[in-house]
Every structure is written in structure tokens, then in C-alpha cells.
Number of protein chains: 2
Amino acid sequence: MIEYSSQPHYLVAVDCIVFGFDGEHLKILLVKRGLEPEINKWSLMGGFVGAEESPDDAANRVLKKMTGLEGVYLEQMQVYGEPKRDPIERTLSVGYFALIDIHKYEEQLSDDYEAEWFLINDRPKLIFDHNQMVADARKKLRYKAALHPILFEMLPKKFTIPQLHILFEEVNDTKIDTRNFSRKITSTKLLIKLDEKDKLGSKKGAFYYKLDKKEYKANAQAFLNLIPNIKTQG
Amino acid sequence: MIEYSSQPHYLVAVDCIVFGFDGEHLKILLVKRGLEPEINKWSLMGGFVGAEESPDDAANRVLKKMTGLEGVYLEQMQVYGEPKRDPIERTLSVGYFALIDIHKYEEQLSDDYEAEWFLINDRPKLIFDHNQMVADARKKLRYKAALHPILFEMLPKKFTIPQLHILFEEVNDTKIDTRNFSRKITSTKLLIKLDEKDKLGSKKGAFYYKLDKKEYKANAQAFLNLIPNIKTQG
DNA sequence: TTATTAAATGTCTATTTGACAATTAATAAT
DNA sequence: ATTATTAATTGTCAAATAGACATTTAATAA
């Protein structure tokens with residue numbers, strides 16, 4: 001039997017930065033840590049990678065366990081592996097960022113884990129290097145959202161342009177002209193206008209839209225710039 | 001003493017996809033694997049993450065050991081963690097892609113490791129999931145290079161526009177109009193024209209350029225699109 | 001009927017893009 | 001010395017896009 005001799009072995013965990021949008025502000029979902037050290041402190045939702053699963057599997061499992069949700073948008077971010085990042089024992093953590101529809105979560109509400117939404121700009125201090133993870137995830141979200149139509153993942157199936165607009169402003173922490181935004185977003189052909197209106201936000205009401213799934217899948221890699229025609233590439 | 005009870009522990013490795021450019025084609029640097037299993041098969045250069053180092057440290061160490069080069073452009077790509085990806089023992093690997101000036105490497109040439117450059121499109125089959133890693137790295141390189149001025153890392157300090165042009169074409173596997181390319185690349189203000197000419201490629205010779213380090217650092221995050229003024233953001 | 005509020009839409013200019021061809025600077029050949 | 005050759009460099013134009021800016025519209029409330 002071949003062996004890799006005496007190389008050191010480490011724990012491997014996943015941590016999920018879960019983003020949501022309440023219609024006004026960008027939020028993240030935090031939990032009270034359930035084990036020592038730092039028990040009962042706020043942290044990202046995470047867990048160890050089991051023997052029979054990949055890190056991706058583990059992240060999905062953790063997310064399912066703590067939010068009750070399946071099939072959410074989940075993307076590997078990066079590995080955090082400083083030797084001393086966990087004071088107890090060397091643990092590498094694979095960071096994932098997830099985008100979920102905050103209302104779906106509220107329906108499921110598997111509240112065994114004391115999960116709670118926090119405003120991204122007004123969140124408690126987190127354990128270990130989780131603060132850094134959140135900062136990195138936010139940056140990555142912004143970057144990615146500038147090029148790919150992923151923010152829809154945080155909205156209900158039916159949504160309005162004004163909702164989308166606010167979400168874009170939140171994520172990018174900037175004001176965007178409504179007229180130009182509207183023009184751009186509709187020019188992507190990703191949206192299908194519905195007959196129905198959302199009357200909650202105003203007297204006039206705003207038309208609902210839904211994603212054109214077909215176009216969405218075809219253009220999930222869209223919106224590039226420097227290289228001609230790269231828009232049609234991978 | 002607190003412990004994380006009986007969670008499983010794994011080996012953690014790094015693997016580096018090293019890209020280079022010989023003036024005509026994109027290449028990757030491969031080595032003959034030095035340990036069982038699959039000894040003497042071609043593979044990416046990699047190694048285990050030691051007890052006192054981060055994955056980033058490990059990747060730099062491996063790169064130094066096998067190429068003699070320090071301070072090269074190195075970026076974490078993603079984690080490969082399928083339970084069965086290594087047949088001997090569960091090993092997670094953090095993939096890195098590196099961009100190096102192929103000529104610098106040839107100077108150093110620590111040839112103890114039977115490293116060899118291969119055309120990206122004409123490379124041997126690699127061990128384990130290394131083929132997938134190369135495919136992923138290539139995609140990521142293309143993606144990143146469309147938005148960030150990183151390809152300079154594969155050229156000498158002094159380079160010409162035609163060299164840069166060929167490199168962009170290679171990486172993107174497409175033809176780019178010389179006039180439009182020239183216009184775009186110079187409009188970035190990242191290049192400083194030198195008095196000297198490279199006379200090797202033609203009778204007329206092509207002017208050398210160098211990077212404007214200051215602009216480069218300031219604009220390393222540049223070239224975005226959907227969000228207005230995001231060009232000046234992070 | 002009018003006031004109010006937010007949604008939806010329109011216009012103009014400047015810039016950028018993409019398609020396309022002519023000129024220039026050097027060396028090699030006659 | 002003149003001409004041929006080769007690749008580098010530069011230029012033009014029309015179409016598309018971006019960014020700045022204001023008005024109209026559809027509903028409810030007064």
C-alpha cells in the first residue's frame with residue numbers, strides 16, 4: 001500500500017457568506033456559533049467537510065441544514081488557510097458566497113440555529129477571520145454582479161425594475177440613474193414583462209418582470225468588455 | 001484543552017498552473033511527478049501544504065523550488081476536493097495559476113525537476129484531475145485578462161505592441177484587429193513608449209514599451225462595464 | 001376635480017466600438 | 001542609388017453605447 005508518508009493532515013471546513021435583500025438593504029445571515037471556542041459568538045454558517053463529501057457538497061449541506069433551502073446560488077470564493085486562523089487546531093476553510101431570496105428563507109425558517117439577518121453595514125464583529133471573509137465576499141459579489149446577471153437570485157421570481165434598481169445600488173454602494181439603468185437592464189433581453197403590477201410600493205404600481213430563463217442561461221457569462229466578441233465566449 | 005472531537009483530517013496540497021508565452025504561443029510548465037502513484041507521469045507542479053505555511057506560502061515555495069523564480073504573479077483559483085480525486089488518500093488541492101516570463105525561467109532553469117514547457121493546445125494527458133485544472137485555469141486566465149492588465153506578467157520588462165497583440169490573441173483564441181487593439185491598449189495609459197526598438201521581428205522594428213507601474217497599480221482593478229463609474233472603484 | 005406620488009419613458013451629446021486601408025520606417029535586393 | 005519587401009504604425013467613418021438630464025403617465029388620496 002502506497003502512502004504519502006508523514007505529511008500533516010488538517011481539518012477542512014466551509015463557511016458561507018449568505019447574502020439577502022429585504023427590498024431596501026443588503027443583508028447577511030449570521031448564526032450563533034454552537035461549539036467552543038467562541039461559543040455563542042456571531043459567525044458565518046459553516047461546518048466541517050465530511051469524509052464522503054466535497055467542499056461544494058458540504059456547503060450545500062450546511063446551507064440546507066441552517067436555512068432549510070436547497071438549490072440556492074452558491075459559489076466558491078477562496079480558501080482561508082493561515083496556520084493560526086483557528087486557535088484550537090489547524091483548520092482550512094473554503095469560503096462560499098450564497099445569494100438567496102430572503103423571503104423564501106423566512107418561510108422555511110429552521111430556527112434551531114439562531115440565525116439572524118444583519119445589515120451588511122451594521123453587523124456584529126465575527127469570530128476568527130470571518131470579518132475578512134465578509135469583506136472579500138462583498139467585493140467579489142460586486143465584481144461579479146457588474147458582469148453577470150446574478151443579483152436576480154436575491155429577488156423573488158416576480159420582481160419590479162425599481163426593486164432591481166435599489167438592489168444594484170445597494171450592492172455597488174452608489175447611485176445609479178433610473179433612466180439609464182432601466183435602459184441597460186432591459187437591453188439585456190433577460191427580462192420578461194408581466195401584466196401584473198406590484199401595488200405595494202406606490203399608487204401607480206410597478207410592473208412585475210420575470211427572468212427569461214432561456215436567455216439567462218445562454219447569457220450567464222455575458223457583459224464583458226476588452227476583447228471583441230468575448231460576449232459570446234465562455 | 002478544547003478539541004474538534006473526531007472530525008476527519010485530510011491532506012492539503014497546492015497545484016500550480018504555470019503559464020508562459022514564447023512570443024508565439026501560450027504554454028504551460030509541467031513536471032514529471034516524483035512520487036507514487038503515477039510516478040514519472042506528467043503533472044502540474046505541486047506539493048503538500050506544510051504545517052507552518054499557508055496555501056499561498058506553499059504555492060510560492062513550490063514555484064520557487066521548481067523554477068527558481070520568486071515574486072511571480074500567483075493567484076488562487078479554486079479548491080479541488082472530490083473525495084476520490086486522489087486514489088491513495090483523501091487530498092484537497094488548492095489550484096493556483098501563475099504567470100511568468102518564460103525567458104526569466106530559462107535563465108534560472110533549476111532543472112532538477114524535469115520541468116518542460118508545452119504548448120497549451122498540445123500537452124500530454126495529466127494525472128488525476130489536473131486536466132480539469134488546466135481547463136479551468138485557462139478559462140479564468142481569459143476571463144481575468146479581459147478585465148485586468150495581467151498579461152504583462154508574461155512578457156519581459158520591455159515589450160512591443162505586436163508581442164502584446166499576439167499574446168492577447170493566444171489567450172483569447174481569437175483574432176483581434178491590430179488597429180483597434182492598438183487604440184484600446186494605448187488608451188489605458190498603462191504603457192510608456194521607449195526610444196528603443198526591437199529589431200528582431202522585422203526590418204522596421206517595433207518600439208519597446210514598458211508598464212507605467214504607478215498607473216498599473218492604480219488601475220489593476222480597472223476595465224469594468226455595467227455599473228457607471230465602477231472603473232474607479234475597487 | 002385636483003393633488004400627490006412614484007413609475008415609465010424620451011432626447012441629446014459625447015464617447016466608444018468595430019470594420020476597414022493607407023502610410024511609414026527600416027532592411028534587402030537590384 | 002533606387003526599388004522592392006516586410007511588418008509597424010497610424011487614420012477614418014458609421015453605428016452603438018454611455019451618461020447627463022426632465023417630462024409624462026398611471027394610479028390613489030384629498
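Heavy atoms only: backbone and side chains are in, while hydrogens, waters and symmetry mates are out. So you know, we letter chains A, B, ... as the sequences are listed, proteins then strands, and number each from 1.
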Got a sec, which residues hit side-chain hydrogen bond (donor to acceptor under 3.5 Å, both in side chains) with B/Lys193, two or more places apart in sequence or on another chain?
none
Would you kindly give the [atom1]-to-[atom2] distance between [X] and [N], to the nearest whole Å?
X        : N      : atom1 : atom2 : value
B/Phe181 : C/dA19 : CZ    : P     : 16 Å
A/Asp177 : D/dA18 : CG    : P     : 13 Å
A/Ile161 : C/dA6  : CD1   : P     : 18 Å
A/Lys193 : D/dA26 : NZ    : P     : 11 Å
B/Arg179 : C/dA22 : CZ    : P     : 10 Å
A/Ile166 : C/dA6  : CD1   : C1'   : 11 Å
B/Leu200 : C/dA26 : CG    : P     : 15 Å
B/Gln163 : D/dA7  : CD    : P     : 15 Å

Ignoring hydrogens and angles, answer whether the base of D/dT25 and the side-chain atoms of A/Lys204 contain a donor-acceptor pair closer than 3.5 Å.
yes
Side chain B/Arg183 and base D/dG11 donor-acceptor under 3.5 Å:
no
Walking DNA chain C from its 5' end, the first of B/Lys203 and A/Tyr208 to be reached, judged by nearest nucleotide, is A/Tyr208
Strictly by Watson-Crick or wobble contacts shorter than 3.5 Å, is anything paired with D/dT6, and which nucleotide is it?
C/dA25
Which residue, A/Thr178 or A/Lys197, contacts DNA chain D at a nucleotide closer to its 5' end, judged by nearest heavy atom?
A/Thr178
Within the 4.5 Å heavy-atom criterion, are B/Leu141 and B/Phe19 side-chain neighbours or not?
yes
Within a radius of less than 6.0 Å around NZ of A/Lys140, do more than 12 heavy atoms belonging to other residues, nucleotides or ligands occur?
yes
Tell me which nucleotide among [options] gets nearest to the side chain of [X].
X        : options               : answer
A/Pro162 : C/dA7, C/dA28, D/dA27 : C/dA7
A/Lys199 : D/dA27, C/dT9, D/dT9  : D/dA27
B/Lys184 : C/dT9, C/dA19, C/dT17 : C/dT17

Determine whether the aromatic ring centres of B/Tyr143 and A/His148 lie less than 6.0 Å apart.
yes
Does a side chain donor of either B/Asp15 or B/Tyr80 reach within less than 3.5 Å of an acceptor in the other side chain?
no
